[in-house]
Amino acid sequence: MEVSHSVKERTIAENSLVILLQGLRGHVTTVDLRDESTATGRVTNVDAFMNVRLAEVTFTDRQGMVSHLDELFVTGRNVRYVHIPDEVDIRATIEQQLQAIHRVRYFGGRDKGRKEFPRAKHK
Amino acid sequence: GGAMSFLKRFPPPAEGVRHQQPDTEAVLAGRSLGAGTLYIAESRLSWLENSGVGFSLDYPTISLHAVSRDLSAYPWEHLYVMVNAKFEEEEAKEAPMAEGEEEEDSDDDVEPIAEFRFVPSDKSALEAMFSAMCECQALHPDPDDEDSDNDYEGDEYDVEARELEQGDIPSFYTYEEGLSHLTAEGQATLERLEGMLAQSVSSQYNMAGVRTEDSIREFEDGMEVDMAPVVAGQFEDAEVDH
C-alpha cells in the first residue's frame with residue numbers, strides 16, 4: 001500500500017476524507033468534474049490535494065461528447081464528486097490507509113516507534 | 001487569418017524544466033499555432049514556436065491534462081490540456097454548438113475554457129510529458145481551498161517541521177559531536193551505561209550486535225536491562241532542547 005513520502009501530505013490525508021479516495025487506487029471509478037464533465041477510469045493516484053490521476057479513461061465532456069483518454073490528471077480544485085464503487089468497503093479502506101500511514105510514521109522514521117514493540121537488545 | 005495576439009516573444013525557461021519536447025505542434029481550439037518546443041517547467045508550462053514566439057500557462061489555471069490516443073476523437077496522439085482562461089481564438093470551434101449553447105460564456109458559474117493540444121512528433125514521449133505535468137501540477141496546490149486546514153497539530157507534522165526550520169540539525173551525531181550536544185542528564189546517562197558495559201564480560205558481543213549463546217548465558221542472572229542503543233550519539237530519549 002503506497003503512502004505519500006511527504007510528511008505534510010500524510011498529515012493532511014490522515015485528517016480528511018481524502019484518505020478514503022487514496023484507498024481507491026486500482027479501482028475503477030467515476031469522477032464528476034466541476035464543469036459537469038465526467039471521467040470514468042482506474043484510479044492510479046490521489047494526492048492530499050485531491051488531484052486525481054486516472055488510467056484508461058472514458059471522458060464525457062460537458063456537451064456529452066465521449067472520448068477515450070489513456071491517462072487523465074484532474075486537479076483537486078476541479079473535482080466535484082468521486083463516486084465510491086460499490087465493491088469498496090469504506091470503513092475498511094479508511095482503516096487500511098491509516099495503518100499504512102502509521103507504518104510509515106512509526107517504523108519507517110528514524111526517531112519514532114522506539115516504544116512500539118519490544119526492542120531487540122542487540123541490533 | 002489573424003495572428004494570435006496572446007503570442008509573445010520570450011526566452012525559454014532555464015530553471016526547473018522537468019521535461020522539454022521539441023518538434024511539438026500546439027493547437028488551440030482546433031487551430032494550429034505551428035511547430036515548436038514544449039517546456040514543462042515547475043513554474044509554468046510554456047510553448048515556443050520555432051520562430052521564438054509562444055505562450056505560457058500557469059498551473060493554477062490548468063484544470064486537467066490527459067494523454068489522448070483515441071484517433072477517432074482527434075487524428076493525432078497528443079497531450080490535452082484544459083485551461084480555465086480565455087484565449088483569443090477564431091470563431092471556429094471544434095464541435096458545432098447548438099443554438100442554446102452560445103450562452104455558455106455568460107452562464108452564472110461557467111468559467112471560460114480553452115482547450116490546448118500538444119502534438120509531439122515523437123508519440124512515445126507522451127508518457128513522460130504527462131508525468132512531468134502531473135509532478136509540476138502537484139507543486140501548485142489550490143490556495144483557495146477552504147477545506148485545507150494547514151493548522152495541524154499532529155505530532156509528526158510538528159516535530160519534523162520544527163526540525164526542518166532549524167536548518168542544519170544533522171540526523172546523526174558522530175561521537176565527538178554528540179558528546180558536545182549532551183545535556184548534563186544525557187552525560188550522566190552515558191557514563192552510567194558505559195560503566196555497565198565495562199562490567200559486562202561479553203561486552204564485545206554487545207558491541208558487535210550479535211547475540212551469541214555466551215552472551216545469553218551471561219544475562220541469565222535475571223537482570224534484564226533495556227539498554228539504550230550502544231551506537232554513540234543516538235540518545236533518542238534525551239530531551240535535547242534547541
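A, B, ... follow the sequence lines: proteins, then strands. Residue 1 opens every chain. Just so we're clear, the structure is a prediction, and the values are computed from it rather than from any experiment.
Residue B:Met133: no heavy atom, backbone or side chain, is found under 4.5 Å from chain A. For chain A, the nearby part of B:Glu127 is the side chain; its heavy atoms alone come within less than 4.5 Å. For B:Ala66, the parts lying under 4.5 angstrom from a heavy atom of chain A are both the backbone and the side chain.
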Working note: A:Phe49 + B:His140, criterion side-chain contact (heavy atoms from CB on, under 4.5 Å); need CA distance, chi angles, decisive distance, verdict.
CA-CA 10 Å; A:Phe49 312 109; B:His140 299 260; over 6 Å; no
Could you check B:Ser131 against A:Arg53 for side-chain contact (heavy atoms from CB on, under 4.5 Å), going step by step and ending with a plain yes or no?
CA-CA 10 Å; B:Ser131 292; A:Arg53 183 166 167 166; 3.5 Å; yes
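Taking 4.5 Å as the heavy-atom cut-off, the residues of residues 22-41 of chain A that approach chain B are A:Leu33, A:Arg34, A:Asp35, ordered by number.
Note that the OG atom of A:Ser67 and the OH atom of B:Tyr74 stand 13.0 Å from one another [nearest 0.5 Å]. Expressed to the nearest 0.5 Å, how far NE2 of A:His68 lies from OG of B:Ser68 amounts to 10.5 Å.
Heavy-atom contacts from other residues, nucleotides or ligands closer than 6.0 Å to CD of A:Glu2 number 12 or fewer. When the shell of 6.0 Å around CG of A:Leu98 is examined, it contains more than 12 heavy atoms from other residues, nucleotides or ligands.
Pairing each heavy atom of B:Asp142 with each of A:Arg77, the nearest pair is OD2-CD, 3.0 Å. Across A:Asp47 and B:Ala138, no two heavy atoms sit closer than the pair OD2-CB, 4.1 Å.
Scored by the ring-ring contact (aromatic ring centres under 6.0 Å, His included) test, A:Phe73 finds B:His65 as partners (sequence neighbours excluded). For B:Glu25, the side chain to side chain contact (heavy atoms under 4.5 Å, CB included) test picks out B:Val27, B:Ser32, B:Val119, with sequence neighbours left out.
With contacts defined as side-chain heavy-atom distances shorter than 4.5 Å, the pair A:Leu69/B:Val67 does not qualify. Looking at A:Asn78 and B:Met82, their side chains never come closer than 4.5 Å, going by heavy atoms from C-beta outward. Counting heavy atoms from C-beta outward, B:Pro141 and A:Glu9 have side chains that stay 4.5 Å or more apart.
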Could you go through residues 56-63 of chain B and list every donor-acceptor pair under 3.5 Å that involves a side-chain atom there, pairing it with any protein atom two or more places apart or in another chain?
| residue | atom | partner | partner atom | Å |
| --- | --- | --- | --- | --- |
| B:Ser56 | OG | B:Ser46 | OG | 2.9 |
| B:Tyr59 | OH | B:Ala41 | O | 2.6 |
| B:Thr61 | OG1 | B:Asp58 | O | 2.5 |
| B:Ser63 | OG | B:Asn84 | OD1 | 3.0 |

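Top candidate by heavy-atom pairs under 4.5 Å with chain B, chosen from A:Val18, A:Thr75, A:Asn51, is A:Thr75.
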